[in-house]
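The next block holds one structure in the form of structure tokens; read it before the comments.
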Amino acid sequence: MGIIQITKSTIETEHICCALGAKQYEHAVKEKKKWLRERMDEGLVFSRLDERAKVFIEYLPAEMAWVPIQAQNYMYINCLWVSGKYKNNGYAKQLLSECKEDAMNRGMDGIVHIVGQKKYPYLSDKTFLEHMGFETVDRGEPYFQLMALKWNDQGVIPSFSKQLKTVSDDKGIAIYYTAQCPFAVGIIDELRKVAENKNVTFKSFQITSREEAQNSPTIWTTFGLFYNGEFITHEIISPNKFEKLLTKLLTEDSIQI
């Protein structure tokens, strides 16, 4: 099984790993493919295992990234995912190696990626990246870290955007998300129904441009959930887990009152 690169001419007939076999996410996958096609004109690469599996890497020049970072002449990894029985077979190293080779061929100074201070769902494993030579170069509230693999000592030190606003002005639940992940697109309506059943104000904001993403109140723009203006989680949460979270938040509100 080799690694193949998905292109604009093949993306309609090839799967993109996420939400395999989940019919409820078909529309969301189409949104993701549309987002990928548009980013490919900006240098995005999507490579995956030539197998029906969740084994892939997605990256693009950091100047084009939909996250609030400053990383001139670096490659930014949107997502690096190896799941299930395919773990511990060297695929993550292989995908990362191909990304590094591509970045070096483009004359870049390094690679950057966002992780958590510990292991979190939907974020890459920090310890794996450290093993691969990445170092933490910046931190953002409440638990995000920017890691870099740098091979040009003269290159800039990447950082999160300093003007980053990490609170939302909205009351109740506010979710910021992009089409970069079909799970984020596909879950919004279900979460809205949960909030409505609990009489909680619910607003969702789909980020539709790089400029919006770079000025977003959430560092990991794929998905960011806020409650009464405070960041709660980046996790693309299930309806059941969201209902439990809302119950907890509402209980805490009533105790404070």
Given the rule in the side-chain contact (heavy atoms from CB on, under 4.5 Å) test, do Cys99 and Glu101 qualify, once you have shown the distances and angles that lead to the verdict?
-> CA-CA 5 Å; Cys99 173; Glu101 182 179 359; over 6 Å; no
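- Here the side chains of Asp41 and Lys8 are in contact, with some heavy-atom distance below 4.5 Å.
- Remark: side-chain polar atoms of Glu212 are paired, donor with acceptor, to backbone N or O of Thr208 under 3.5 angstrom.
- Between Arg39 and Glu42, at least one side-chain N (NZ, or NE/NH1/NH2) sits under 4.0 Å from a carboxylate O, which counts as a salt bridge.
- Annotation: side chain of Val67 is not in contact with side chain of Phe144 (no heavy-atom distance under 4.5 Å).
- How far CD1 of Ile175 is from OH of Tyr177: 9.0 Å, rounded to the nearest 0.5 Å.
- Glu243 places none of its side-chain heavy atoms less than 4.5 Å from the side chain of Asn197.
- The shortest heavy-atom contact between Gly140 and Ile219 is CA-CD1, 3.7 Å.
- The closest side-chain heavy-atom distance from Ile4 to Arg48 is below 4.5 Å.
- Lys33 contributes a side-chain N or O that, together with a main-chain N or O of Ile11, makes up a donor-acceptor pair within less than 3.5 Å.
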I'd like a table of donor-acceptor pairs (distance under 3.5 Å, sequence neighbours excluded) in which one partner is a side-chain atom from residues 113-123, with atom names and distances.
residue : atom : partner : partner atom : Å
His113  : ND1  : Ile77   : O            : 2.8
His113  : NE2  : Ser124  : OG           : 2.7

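- The pair Lys193-Asp189 does not meet the salt-bridge criterion, since no charged nitrogen lies less than 4.0 angstrom from a carboxylate oxygen.
- With respect to the salt-bridge test (charged N to carboxylate O, under 4.0 angstrom), the residues Glu196 and Arg192 do not qualify.
- One finds the CD1 atom of Ile57 at 10.5 Å from the CZ atom of Phe46 (value rounded to the nearest 0.5 Å).
- In terms of modelled atom types and a separation under 3.5 Å, the side chain of Thr201 and the main chain of Lys171 share no donor-acceptor contact.
- Side-chain contact between Cys18 and Tyr25 is absent, with no heavy-atom pair separated by less than 4.5 Å.
- Under a 3.5 Å cut-off, the side chain of Arg106 and the backbone N or O of Gly43 do form a donor-acceptor pair.
- Heavy-atom neighbours of Asn105 CG from other residues, nucleotides or ligands within 6.0 Å: above the threshold of 12.
- With hydrogens and angles ignored, the 3.5 Å screen pairs no side-chain donor or acceptor of Thr10 with any backbone N or O of Ile6.
- Donor-acceptor pairing under 3.5 Å is lacking for the side chains of Glu190 and Gln24.
- Side-chain N/O atoms of Thr127 and Asp125 include a donor and acceptor closer than 3.5 Å.
- Within the model, atoms CG of Leu225 and CD1 of Ile237 stand 6.5 Å from one another, a figure rounded to the nearest 0.5 Å.
- Between Arg37 and Glu12 there is a salt bridge, since a side-chain N of the basic residue sits under 4.0 Å from a carboxylate O of the acidic one.
- To the nearest 0.5 Å, atom CD of residue Gln70 and atom CD of residue Gln214 are 7.0 Å apart.
- A donor-acceptor pair under 3.5 Å links the side-chain atoms of Thr251 to the main chain of Thr247, judged by distance alone.
- Asn78 is listed as a side-chain neighbour of Leu60, based on a closest heavy-atom distance under 4.5 Å.
- Between Ala195 and Phe242 the shortest heavy-atom distance is N-CE2, 4.1 Å.
- Considering only heavy atoms from C-beta on, Met147 stays 4.5 Å or farther from Glu135 through its side chain.
- Proximity of a side-chain donor or acceptor of Asp138 to a complementary backbone N or O of Leu146 within less than 3.5 Å is not detected.
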Please walk me through it: do Lys150 and Ile157 pass side-chain contact (heavy atoms from CB on, under 4.5 Å)?
-> CA-CA 9 Å; Lys150 187 176 179 181; Ile157 299 176; 3.9 Å; yes
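- In the model, Ser216 has no side-chain atom that pairs as donor or acceptor with a side-chain atom of Thr218 under 3.5 Å.
- Checking side-chain atoms of Asn228 against main-chain N and O of Gly172 turns up a donor-acceptor pair under 3.5 Å.
- Heavy-atom minimum distance, Glu58 versus Gln180: OE2-NE2, 3.0 Å.
- Asn73 contributes a side-chain N or O that, together with a main-chain N or O of Gly107, makes up a donor-acceptor pair within less than 3.5 Å.
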Just do the side-chain contact (heavy atoms from CB on, under 4.5 Å) check on Ile173 and Leu191 with the steps written out, would you?
-> CA-CA 10 Å; Ile173 293 293; Leu191 301 185; over 6 Å; no
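- Between the OG atom of Ser159 and the CD1 atom of Ile69 there is a distance of 8.5 Å, given to the nearest 0.5 Å.
- Summarising the geometry of Ala213 relative to Thr221, their closest heavy-atom pair is O-CG2, 3.5 Å, with the distance given to 0.1 Å.
- Under the 4.5 Å side-chain criterion, counting only non-hydrogen atoms from C-beta, Phe202 is in contact with Ile188.
- Distance CG/Leu149 to OH/Tyr74: 9.0 Å, rounded to 0.5 Å.
- Here the closest heavy-atom approach between residue Phe128 and residue Ala92 is recorded as CZ-CB, 3.6 Å.
- In summary, Glu252 and Lys248 engage in a salt bridge, as defined by a charged side-chain N under 4.0 Å from a carboxylate O.
- For the pair Gln72 (side chain) and Glu63 (backbone), a donor-acceptor distance under 3.5 Å is absent.
- Considering every non-hydrogen atom in both Ala28 and Gly186, the closest pair reads CB-N, 3.8 Å.
- Using bins of under 30°, 30° to 60° and over 60° for the plane-to-plane angle, the ring pair Phe205/Tyr176 lands in the parallel bin.
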Does the side-chain contact (heavy atoms from CB on, under 4.5 Å) test come out yes or no for Leu44 and Met64, once each step is laid out?
-> CA-CA 9 Å; Leu44 181 142; Met64 297 290 107; over 6 Å; no
